[in-house]
Amino acid sequence: MFNFITSNLEMLSFIVALSALLISIYSVIYTHRFNKRCIDIDECYIDFGEKYPLISFSINNLSPVPIRVRSLTFFNSSGTHVRHLDYTPVPTPMEHHEFADPLQQVTAIPPNESLEVSYFFENPDEVSTVTVLCKERIYHLHKQRTFELNPVRID
């Protein structure tokens, strides 16, 4: 047995080095795959209770690492930018008012958590998609991802 090992030492060294290389490649792929950043949007609804309709939705961080969201951009079906309104309802003591909660600065979403945002629009039917821009790559090699908004109407 000892004679076999000493005569084939180069071959055994090659097998050990090759298996170490394969294990390290697998480790890199495994780490990359499970530390990928991923976001999704859900719970989208339109509230018509105020002077202007309020579109609200949640941005969900589905990854095991935090994501920093820079900005949100809204578009209509033809790809034209739609601006949200800077409107604040006048509070009255007898009525419950919905207030906008826009993204005003870079906001970190912890792993497996969500961020709720809401915006007033003059015509909410114009808004069909939202583009989320992040500081990290969230979709292949891109730092932004576009989602369709299919809001549920709340009257």
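In what follows, every heavy atom counts, from backbone to side chain, and hydrogens, waters and symmetry copies are set aside. All residue numbers refer to positions in the sequence shown, counting from 1.
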> Classify the ring geometry between F57 and Y119 as parallel (under 30°), tilted (30 to 60°) or perpendicular (over 60°).
parallel
> Just so I know, are the side chains of V117 and V69 near enough to count as touching, which here means a heavy-atom distance under 4.5 Å?
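Side-chain contact under 4.5 Å: no.
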> Nearest 0.5 angstrom please: I109 CD1 to R37 CZ, how far?
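These two atoms lie 12.0 Å from each other.
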> To which residues is F75 joined in a hydrophobic cluster, defined by side-chain heavy-atom contacts under 4.5 Å among Ile, Leu, Val, Met, Phe, Trp and Tyr, whether direct or through other members?
none
> Got a sec: does the CD of E122 have more than 12 other heavy atoms crowding it under 6.0 Å?
no
> Are I39 and F147 packed together at the side-chain level, in the sense that at least one heavy-atom pair is separated by less than 4.5 angstrom?
yes
> Distance from T31 atom OG1 to Y26 atom OH, nearest 0.5 Å?
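Answer for the OG1-OH pair, T31 versus Y26, is 9.5 Å.
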> State whether the number of non-hydrogen atoms from other residues, nucleotides or ligands found under 6.0 Å of N123 atom CG is greater than 12.
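Enclosed: over 12 neighbouring heavy atoms sit under 6.0 Å from CG of N123.
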> Checking S19 side chain against I15 main chain: does a donor-acceptor pair fall under 3.5 Å?
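Judged by distance alone, yes, a pair lies under 3.5 Å.
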> Can a donor-acceptor pair be found, under 3.5 Å and without considering hydrogens, that links the side chain of D47 to the backbone of G49?
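Checked: pair present.
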> Is any side-chain heavy atom of E136 less than 4.5 Å from a side-chain heavy atom of R68?
yes
> Donor-acceptor check, side chain of S24 to backbone of L21, threshold 3.5 angstrom: yes or no?
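Yes, the answer is positive, given that a donor and an acceptor are paired below the 3.5 Å cut-off.
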> Would you give the length of the straight line joining atom CD1 of I67 to atom CD1 of I59, rounded to the nearest 0.5 angstrom?
10.0 Å
> Report yes or no: does S118 contribute a side-chain atom to a donor-acceptor pair with the main-chain N or O of D101 at less than 3.5 Å?
yes
> Any idea which heavy atoms bring K36 and P64 closest together, and the distance?
O-CD, 4.1 Å
> Any non-hydrogen side-chain atom of Q144 less than 4.5 Å from a side-chain atom of R70?
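The answer is no, as the side chains (C-beta and beyond) never meet within the 4.5 Å cut-off.
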> Do other residues, nucleotides or ligands put more than 12 heavy atoms under 6.0 Å from the CZ atom of F99?
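Counting neighbours around CZ of F99, more than 12 heavy atoms of other residues, nucleotides or ligands fall under 6.0 Å, so yes.
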> Quick one: are V130 and I55 in side-chain contact, heavy atoms under 4.5 Å?
no
> Are D125 and R153 ion-paired here, with the side-chain N under 4.0 Å from a carboxylate O?
yes
> To the closest 0.5 Å, what do you measure between CD1 (I23) and OH (Y30)?
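With rounding to 0.5 Å, CD1 (I23) is 15.0 Å from OH (Y30).
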> Does the side chain of T73 reach to within under 4.5 Å of the side chain of L133, using non-hydrogen atoms?
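The answer is no, as the side chains (C-beta and beyond) never meet within the 4.5 Å cut-off.
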> For residues P111 and P66, report the shortest heavy-atom separation together with the two atoms involved.
CG-N, 3.9 Å
> Got N61 and E113 here, is their nearest side-chain heavy-atom distance under 4.5 Å?
no
> Determine whether F48 and V127 fall in the same hydrophobic cluster, where Ile, Leu, Val, Met, Phe, Trp and Tyr are linked whenever their side-chain heavy atoms lie under 4.5 Å apart.
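As far as the 4.5 Å side-chain criterion goes, V127 and F48 are connected within one cluster.
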> As an exercise, state the distance from CD1 of I41 to CG of L72, rounded to the nearest 0.5 Å.
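I41 CD1 to L72 CG: 7.0 Å, rounded to 0.5 Å.
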> Quick check against the 3.5 Å criterion: does S63 have a side-chain atom that pairs as donor or acceptor with the backbone of V65?
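Side chain of S63 to backbone of V65, a donor-acceptor pair under 3.5 Å: yes, one is there.
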> Got E126 and F121 here, is their nearest side-chain heavy-atom distance under 4.5 Å?
no
> For the residue pair N76 and S78, confirm or rule out a side-chain donor-acceptor distance under 3.5 Å.
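There is such a pair (donor and acceptor under 3.5 Å, judged by atom type) between the side chains of N76 and S78.
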> When rounded to the nearest 0.5 angstrom, what is the spacing between CZ in R145 and OG1 in T131?
11.0 Å
> If hydrophobic clusters are built from ILVMFWY residues whose side chains come within less than 4.5 Å, do V132 and V82 share one?
yes
